[in-house]
Amino acid sequence: MLRSAPVFSDDQAEAWDAIAASLGTAGVDLVQATTTPPAECDTGRVLAVLGKAGSGKTMLLASLHETLKEAGVRVVSGDWEGRRRKDQRTLAILAPTNKAASVLRARGVPATTIHRILYTPVYDPEYEKVAEWLAGEGDRPAIEGLSDTALDRAWASYQAHNSVPAALAAAGLRGSDFITGWKRRDDPLDIGFVDESSMLDARQLEDLQEIFPTLVLFGDPAQLPPVKSEGGGMVFDGLPQARKRDLHRIHRQTADNPILDLAHALADPMLDFYGFERMVEEIAARDDRVVMAQRVESDLMARSPVLVWRNATRIRLIHAFRAAHGAPGDSLLPGEPLICDGIELPLKHRKKRLDLEARGLIKGAQVIYKGPGRKPGFSRLHVIGAEDPQVSAASIVKIESQVADEEPFIPFAARMGATFLHGAAVTIHKAQGSQWPAVQVFAPDIEVASRMGRVEAGQPLWKRLAYVAITRAEERLHWVVRNRLARPEAPLTTDDLEAPSTPLELDGETL
């Protein structure tokens, strides 16, 4: 039976047709919902679907995913893949960060991070039998040390979350029990969709092209380019025009969305910062989804960081947030937000680095501190956006000083492990790929950028900063116009976070 074609706008239909034609040459027919085995020498197809916030990129990606699934294409998650058939086609849906992947998963699209596809877990053979059973590729196993009750918990978890690691954790296992290591992926995959591709750098694109013969990039050309990009461009800029499709029509929440109205108003070349701020004020007067805020709300900062341009502003707001909550100078309070700043491990501990990164502790990951771990230097953490968010990891937490050139204060630390900065405020660059229900944008920083007159890729820098910042808001935008902080109405808490079954301990005895 033929699948009826989705109803799209004209620009989405053109993008769909271009992707369908590319997949058709690779042996995947979207209209007939049929596939043929992949060709071994099949490489080199890269397409890009580009559009501003609300133009329908995610809607198109989700529809393509559903169509490919109906055609029998298997979705690869990165946590466990099982046996692969040579004739089976596969799809991986990727995002650069955990938070960006979680935004897609919240919309029913089974996304994972690029890192989880580049590096694959090696399972202990005994526990791999459990994974095979959960995935329908084997019989219910009898494993020493795993009771029938534990297996039942694993089965229930897998039905709810479709995640093997989460299911094994629900059975009471730690990651070190069932994952013996991580390895760089050797075998190529098939079809890759990459959301938030404006965040990719050239090296990441090369890595993906080595794995995926067919790659479709979904990106927003109005975002800020990656810090490491050459010439301030994005990876899809170098593609021939014939491989790019632009989406123009606004789809997301089209019923008078004031946040999107503000984002798209920035395209007016005659609009300056002060004219834009008057527009924010006028919209705020008639629509409570936009707030002309006289101060930063410290309660919001615990889960949704204030977005700033300058590092000095970020550090000042973090210290004000901690002072408002009465945080001690020598420790963290449960509920404080953190941002992963990388992994500090020597090369000989490559496996431990992969363990940390595979659990979501990659540079830029947002986490919530839940308290000290059972071992010195360990922290119990909730990784925002991770499929299995509860982790206990060796941690180095740095509270940066407001005094120039002064070393950061480290309230506690392991000798080596995952490093963290405070996350109550983040730069707009680091916020790319993330969205929150409510977002606070620190407007005085945007004003400074406008007075400097800097231009990036032909666009005033302040406009690019403002565009990225306000499109991080899903439901409400707080445009903060004064350098003030409101006192919190409630203490910090972790009650709103998902309760762990058993937190996975990483890098256990050696750190």
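Keep in mind that this is a model prediction, so the values were computed, not measured.
- Looking only at side-chain heavy atoms (C-beta outward), Q204 and V235 stay at 4.5 Å or farther from each other.
- Contact of the N311 side chain with the R314 side chain is registered, since non-hydrogen atoms from C-beta on lie closer than 4.5 Å.
- E277 has its side chain within reach of W479: a pair of non-hydrogen atoms, C-beta onward, lies under 4.5 Å apart.
- Residues L271 and K463 are in side-chain contact: their nearest non-hydrogen atoms beyond the backbone lie under 4.5 Å apart.
- Using a cutoff of 4.0 Å between basic side-chain nitrogens and carboxylate oxygens, K430 and D341 are scored as salt-bridged.
- For R451 and E447, the salt-bridge test passes: some basic side-chain N is under 4.0 Å from an acidic carboxylate O.
- Remark: side-chain polar atoms of S298 are paired, donor with acceptor, to backbone N or O of A486 under 3.5 angstrom.
- Side-chain contact between F273 and P460 is absent, with no heavy-atom pair separated by less than 4.5 Å.
- Atom-to-atom distance recorded for R303:CZ and L497:CG is 5.0 Å, nearest 0.5 angstrom.
- Contact check for P328 versus L333: side-chain heavy atoms found under the 4.5 Å cut-off.
- The shortest distance between side-chain heavy atoms of Q459 and Y467 does not fall below 4.5 Å.
- Residues Q366 and S434 have side chains that bring a donor and an acceptor to within less than 3.5 angstrom of each other.
- Between the side chain of R322 and the main chain of I318, no donor-acceptor pair closer than 3.5 Å is present.
- Note on R203 versus D201: no salt bridge recorded, every NZ/NE/NH1/NH2 to OD/OE distance being 4.0 Å or above.
- V280 has its side chain within reach of V290: a pair of non-hydrogen atoms, C-beta onward, lies under 4.5 Å apart.
- For Q159, the CD atom counts as densely surrounded, since its 6.0 Å shell holds more than 12 non-hydrogen atoms of other residues, nucleotides or ligands.
- The environment of CZ in R484 is sparse: at most 12 heavy-atom neighbours from other residues, nucleotides or ligands sit within 6.0 Å.
- The OG atom of S395 sits 8.5 Å away from atom OH of Y369, with the distance rounded to the nearest 0.5 Å.
- Panel note: side chain S450, backbone W462; no donor-acceptor pair is recorded below 3.5 Å.
- Formation of a donor-acceptor pair under 3.5 Å by the D445 side chain with backbone atoms of V308 is not found in this model.
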